[in-house]
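Letters go in sequence order (proteins before strands), and every chain restarts at 1. The structure displayed is predicted, hence computed values, not measured ones. Only heavy atoms go into these numbers, but all of them, side chains included; no hydrogens, no water, no symmetry mates.
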Amino acid sequence: MNASSKVALTLPDGSVREYDGLVTGMTLAQDIGPGLAKAAIVIIVNGEQRDLSYEITSSANVSIITKRDEEALEIIRHDAAHILAEAVKELWPETQVTIGPAIENGFYYDFAREEPFTPEDLEIMETRMKEIVARDEDIIRSEMLRDDAVELFRTMGEKYKAEIIASIPSNEPISLYKQGNFIDLCRGPHLPSTRYLGEGTFKLMTIAGAYWRGDSNNEMLQRVYGTAWRDKKELKAYLHRIEEAEKRDHRKLGRELNLFHFQEEAAGMPFWHPNGWTIYTQIEGYMRRKQREYGYQEINTPKLVDRKLWEDSGHWEKFREHMYTTESEERIFALKPMNCPCHVQVFNQGLVSYRDLPLRLAEFGSCHRNEPSGALHGLMRVRSFVQDDAHIFCEKDKITEETETFCGMLLEIYKDFGFEKIKVKFSDRPEVRAGSDDVWDEAEKCLLDAVDHVGLEYTLNPGEGAFYGPKLEFVLTDAIGRDWQCGTLQVDFVLPERLDANYVGADNTKHRPVMLHRAILGSFERFIGILIENFAGRFPMWLAPIQVVVTGITNDQDAYVNEVYMQLKSAGLRAEIDTRNEKINYKIREHSHAKIPAIFVAGGREADNNTITIRRLGSKNQETLDLTDAINTLVTESIEPDKR
RNA sequence: GCCGCUAUAGCUCAGUGGUAGAGCGCGUCAUUGGUAAUGACGAGGCCGAGAGUCCGAUUCUCUCUAGCGGCACCA
């Protein structure tokens with residue numbers, strides 16, 4: 001390179017600065033202004049992030065990233081991971097480092113070490129990290145040939161690091177970063193020095209196990225999770241958000257609102273209490289009406305089925321470990337993990353004509369899957385559950401139409417539950433699959449056409465389809481921005497074949513129908529879990545287990561309170577009466593904690609005038625209404641969304 | 001399934017090598033109070049299950065089970 005050649009740097013605002021010879025991100029930032037020089041952390045040169053110390057050798061478009069910028073977060077978190085690793089190496093030199101990326105909301109670092117880290121160790125690590133930040137160690141980039149780097153890390157006893165570097169394809173120079181005595185392989189870029197991470201902007205969260213290279217055949221490493229932000233305020237806000245999310249935890253609310261419980265004797269299988277079961281049956285009734293509206297026929301099939309059927313369907317071979325089995329009269333039976341084989345049995349009874357298609361068979365199918373113990377999580381991952389399952393048997397040329405109608409139905413239903421933001425994921429052919437490429441081409445096109453017609457945007461999950469056909473997955477976003485995959489539609493060419501489903505076509509010969517597996521809620525259990533967290537336990541009227549509680553100011557109003565209660569009941573409302581000898585403050589507090597949407601209060605005035613004072617959940621306002629009007633208002637509010 | 005942590009009253013949690021405590025909740029009594037906790041008294045525990053060490057285990061050790069946080073899995 002010619003030291004005297006001119007370098008022209010174009011800034012985002014279009015202005016150009018010219019330099020003779022050596023220029024780095026830092027020189028540029030200093031030239032623009034001392035404020036920027038102080039805030040700058042990384043420079044972007046022709047779209048690529050570089051260290052501030054990077055020497056720009058030819059003319060380029062550049063921009064400077066400061067701590068204010070959104071991109072800064074990832075860099076900060078990545079640096080936090082490095083500082084964590086440095087701290088751990090200082091404290092426990094025998095520990096080996098592996099990888100430590102930035103992740104959503106923070107970072108982690110995986111360590112290899114005989115002795116497990118303890119929660120106390122977390123505090124020690126965090127304290128040391130703070131010291132390293134205060135030391136203001138320069139973070140210095142260098143390059144080394146791959147093979148030399150492998151050798152270096154081997155000598156240092158870092159066999160995992162050496163393994164990673166050895167797996168980099170060519171013997172190209174790779175970049176290393178050094179801060180203090182800690183050296184790590186890293187693509188960068190990094191902050192200029194450890195001080196930039198800041199004070200009070202990061203926190204170590206938990207210790208967890210994680211497999212080396214994410215493979216359960218490998219040894220388990222110890223992962224330390226942390227969170228890091230641009231400033232103290234952001235960290236505080238994040239910790240606050242976690243606390244708020246914890247308050248919505250459906251396991252906690254399930255107990256508090258007396259919805260369901262779990263116990264040791266039936267791990268992963270919910271016991272529904274009256275309150276929870278009210279929500280469940282409300283949803284079931286709603287779904288039943290929607291399905292009827294959309295031309296589904298509801299059926300019900302056995303939960304316990306002979307092994308033979310599972311062998312025929314292919315489940316015995318593929319999903320055996322996840323199936324519960326039992327034995328009787330020398331035959332082996334399995335609890336169904338899915339409903340599809342049974343639905344094909346219903347389809348197969350008698351001859352089906354092409355005139356009967358599409359045949360839509362729906363079942364609130366009770367399934368059992370022996371999930372790995374570590375996977376269980378409240379209602380979100382259970383071993384016994386009920387799907388809003390259905391199978392559409394149709395001719396190939398009806399896939400688009402059926403999918404389109406399904407998408408419309410699904411959007412309507414999600415909207416009724418208050419979910420308006422829906423994403424679609426499209427999974428196409430996997431490597432290992434059944435069926436010819438022609439058939440896959442056609443099926444994939446059918447699904448995409450349908451999604452387009454409905455006006456949904458989709459993202460592609462390449463190769464993630466089932467071995468028997470492509471699929472659509474529907475993801476909803478809840479009130480605090482979390483995504484949940486609930487709905488699915490899967491094309492299946494294989495099962496009709498395996499279970500020999502056929503129909504008589506217009507040509508009077510047998511044909512193979514296509515089967516569309518589809519669900520909207522997924523499982524009732526999980527969907528209710530999502531609803532609990534979405535509403536934070538404050539269910540809309542139509543779902544609320546108890547819609548209204550009537551109570552008096554004193555027991556002098558008991559007769560009137562009882563009268564109101566009877567009227568609420570006969571108006572079809574889920575009402576409770578509270579004539580306990582307690583003060584009104586106490587009762588309001590208690591029923592508010594129970595998240596009852598409406599409290600009817602009757603004092604002497606109300607009893608005399610045939611009125612009632614309503615207090616709504618979450619409001620301190622009171623409204624006194626004529627009793628009949630008040631009841632009618634609640635009745636209207638309680639109408640299920642599909643009946644409005 | 002794997003790694004780590006946890007398991008004491010209905011709930012939240014304290015505690016000890018000599019068989020146990022608080023607050024809330026629950027029951028009784030008094031109080032009848034206009035919108036987020038009235039007071040007094042009382043009942044309630046095989047200290048997750050099994051084994052071991054010990055004169056003695058809720059406490060220490062081991063095994064199991066379940067829960068929690070991750071990882072792997074999720075047809």
Rounded C1' spacing from B:rC26 to B:rA49 in Å: 28 Å
Spacing between A:Ile588 atom CD1 and B:rG33 atom P, to the nearest angstrom: 16 Å
Side-chain donor/acceptor pairs under 3.5 Å, residues 314-322 of chain A, sequence neighbours excluded:
| residue | atom | partner | partner atom | Å |
| --- | --- | --- | --- | --- |
| A:His315 | ND1 | A:Ser313 | OG | 2.6 |
| A:His322 | ND1 | A:Asn370 | O | 3.3 |

Intra- and inter-strand pairs of RNA chain B in dot-bracket (Watson-Crick or G-U wobble, both distances under 3.5 Å; | for another strand): (((((((..((((....[..)))).(((((.......))))).....(((((..]....))))))))))))....
Please list each protein N or O that sits under 3.5 Å from an N or O in nucleotides 11-13 of chain B, with the distance.
| residue | atom | partner | partner atom | Å |
| --- | --- | --- | --- | --- |
| B:rU12 | OP1 | A:Arg255 | NH2 | 3.1 |

Atom-pair distance (CG on A:Leu376; P on B:rA66), nearest Å: 9 Å
B:rA57 and B:rG50, which share atom name P, separated by this distance in whole Å: 14 Å
Give every pair of a protein N or O atom and an N or O atom of nucleotides 43-48 of chain B that lie under 3.5 Å apart, one pair per line with the distance.
none

Using the 3.5 Å cut-off, write out each protein N or O paired with an N or O of nucleotides 23-26 of chain B and the distance between them.
| residue | atom | partner | partner atom | Å |
| --- | --- | --- | --- | --- |
| B:rG25 | OP1 | A:Tyr586 | OH | 3.3 |

Sugar-phosphate only, base, or nothing, as touched by A:His315 at under 4.0 Å among non-hydrogen atoms: nothing
Touch class at under 4.0 angstrom, heavy-atom based, for A:Gln222 against every strand present: nothing
Sugar-phosphate only, base, or nothing, as touched by A:Thr118 at under 4.0 Å among non-hydrogen atoms: nothing
Those residues of residues 514-521 of chain A lying under 4.0 Å from RNA chain B by at least one heavy atom: none
